[in-house]
Amino acid sequence: TFGYLIAMWLLYYLWAALYSDNPARAGMTFQTALLHIATAQTLFAFLPAGTDWRIARDIHSGDIAMQLIHPMALCLRQFALSLGRSMMQAMYILPAFFSFLWCFDLSLTPQSIPLAFFSVSLSFLLLFCIDFIVGLAGFIARELWGITASKDVLVQFLGGALIPMAFFPESFRALLA
């Protein structure tokens, strides 16, 4: 949690420097851009549950064979493990996120909270599916570090966690939409 707060503090000062000469860039104010980046980074801090690494480790150790003969489907078992881990990570990341919002006088709109829960649920499901598929690559690849690092960068970049999509040209945004 302390490391998360340091990272958020650094993000604050990075974006403050970017906005120092222009109060609105790409149609976003400093407060809006900071809230967007902080929310995306927070979600990326607790949503990934290590499904890809867990599956690859089980494949290489041979434990996957025992899991496949259990009466519960492998995908469902991994989903339950991932959901539990993400919920546990959220329990200690979200208080730090809310304290960051409080310290820098940022706020979420109450109308967006139900939609945010729905969006986070779908994001978790999509990220789990991507992680599950990448984890199954452990049947083919000996080491998954490069594959998972590339996946993480793509998820953060395309999800707007590094740079909000509003900062890109319209043609690039249309290509990704």
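Values below: every heavy atom of this structure, side chains too, minus hydrogens, waters and symmetry copies.
With contacts defined as side-chain heavy-atom distances shorter than 4.5 Å, the pair Q89/P48 does not qualify. When side chains are defined from C-beta on, I37 does not count as touching L14, because their heavy atoms never get closer than 4.5 Å.
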Apply ring-ring contact (aromatic ring centres under 6.0 Å, His included) to W15 and F167, showing your working. CA-CA 13 Å; W15 285 91; F167 283 81; 5.5 Å; yes
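Rounding to the nearest 0.5 Å gives a distance of 8.0 Å between CG of L127 and CG of D152. Atoms OG and CZ, from S82 and R54 in turn, are 4.0 Å apart once rounded to the nearest 0.5 Å. In this structure, CZ on R57 lies 10.5 Å from CG on D52, to the nearest 0.5 angstrom. Note that SG of C75 and CG of L136 are 8.5 Å apart. Values are rounded to the nearest 0.5 Å. Atoms CG and CG, on L35 and L101 in that order, are 6.5 Å from each other to the nearest 0.5 Å. Atom CG in L175 sits 11.5 Å away from atom CD in E170 (nearest 0.5 Å).
Y4 and T42 share a donor-acceptor pair across their side chains, judged by distance under 3.5 Å alone. Side chains of R85 and T51: no donor on one and acceptor on the other come within 3.5 Å.
Looking at F79, F44, F46 one by one, the single match for ring pair (Phe, Tyr, Trp, His ring centres under 6.0 Å) with F124 turns out to be F79. Among L106, L5, T39, the single residue meeting the side chain to side chain contact (heavy atoms under 4.5 Å, CB included) criterion with F97 is T39. The only member of Q67, Q78, R77 that meets side chain to side chain contact (heavy atoms under 4.5 Å, CB included) when paired with M72 is R77.
Sparse packing is recorded around CG of D105, with 12 or fewer heavy atoms of other residues, nucleotides or ligands lying under 6.0 Å away. Sparse packing is recorded around CD of E143, with 12 or fewer heavy atoms of other residues, nucleotides or ligands lying under 6.0 Å away.
Residues A26 and A166 share a closest heavy-atom pair of CB-O, 3.1 Å. Across all their heavy atoms, Y19 and A33 have their closest contact at OH-CB, 3.5 Å. Between L158 and M165 the shortest heavy-atom distance is O-CE, 3.3 Å. Considering all non-hydrogen atoms of both residues, L144 and A56 come closest at CD1-CB, 3.1 Å. Of all non-hydrogen atoms in A90 and P95, the two that sit nearest each other are O-CD, 3.9 Å. A40 approaches A161 most closely through the heavy-atom pair CB-CA, 3.5 Å.
The pair D131-K151 counts as a salt bridge, with a side-chain nitrogen and a carboxylate oxygen less than 4.0 angstrom apart.
By the rule that hydrophobic residues join a cluster once side-chain heavy atoms approach within less than 4.5 Å of another member, L34 and L10 end up as members of one cluster. L74 and L125 fall within the same hydrophobic cluster, defined by Ile, Leu, Val, Met, Phe, Trp and Tyr side-chain heavy atoms under 4.5 Å apart, directly or through other members. In the hydrophobic clustering of this structure, I133 does not group with I59; members are Ile, Leu, Val, Met, Phe, Trp, Tyr whose side-chain heavy atoms approach within less than 4.5 Å, directly or through other members. A continuous path of Ile, Leu, Val, Met, Phe, Trp and Tyr side chains, each step under 4.5 Å between heavy atoms, connects F2 with Y12, placing both in one hydrophobic cluster. At a threshold of 4.5 Å between side-chain heavy atoms, the hydrophobic network of Ile, Leu, Val, Met, Phe, Trp and Tyr places L81 and M87 in two separate groups.
Between Y13 and W9, the angle of the ring planes goes over 60°, which puts this pair in the perpendicular group of the 30/60° scheme.
Judged purely by atom type and a 3.5 angstrom limit, S112 uses its side chain to pair as donor or acceptor with the backbone of T109. No donor-acceptor distance shorter than 3.5 angstrom exists from the side chain of T32 to the backbone of M28, with no hydrogens or angles considered. Judged by distance alone, with hydrogens and angles left aside, the side-chain atoms of R25 form a donor-acceptor pair with the main-chain N or O of L18 at under 3.5 Å. In this structure, S119 contributes its side chain and L115 its backbone to no donor-acceptor pair below 3.5 Å. Remark: the backbone N or O of G160 is paired with a side-chain donor or acceptor of H36 at under 3.5 angstrom.
Remark: V120 pairs with L43, L47 by the side chain to side chain contact (heavy atoms under 4.5 Å, CB included) rule, at least two apart or across chains.
Residue pairs satisfying the ring-ring contact (aromatic ring centres under 6.0 Å, His included) criterion with at least one member in residues 143-166, sequence neighbours excluded, are listed as follows: F157-F168.
Under the 6.0 Å cut-off for aromatic ring centres, F30 and F104 do not qualify, their centroids lying 6.0 Å or more apart.
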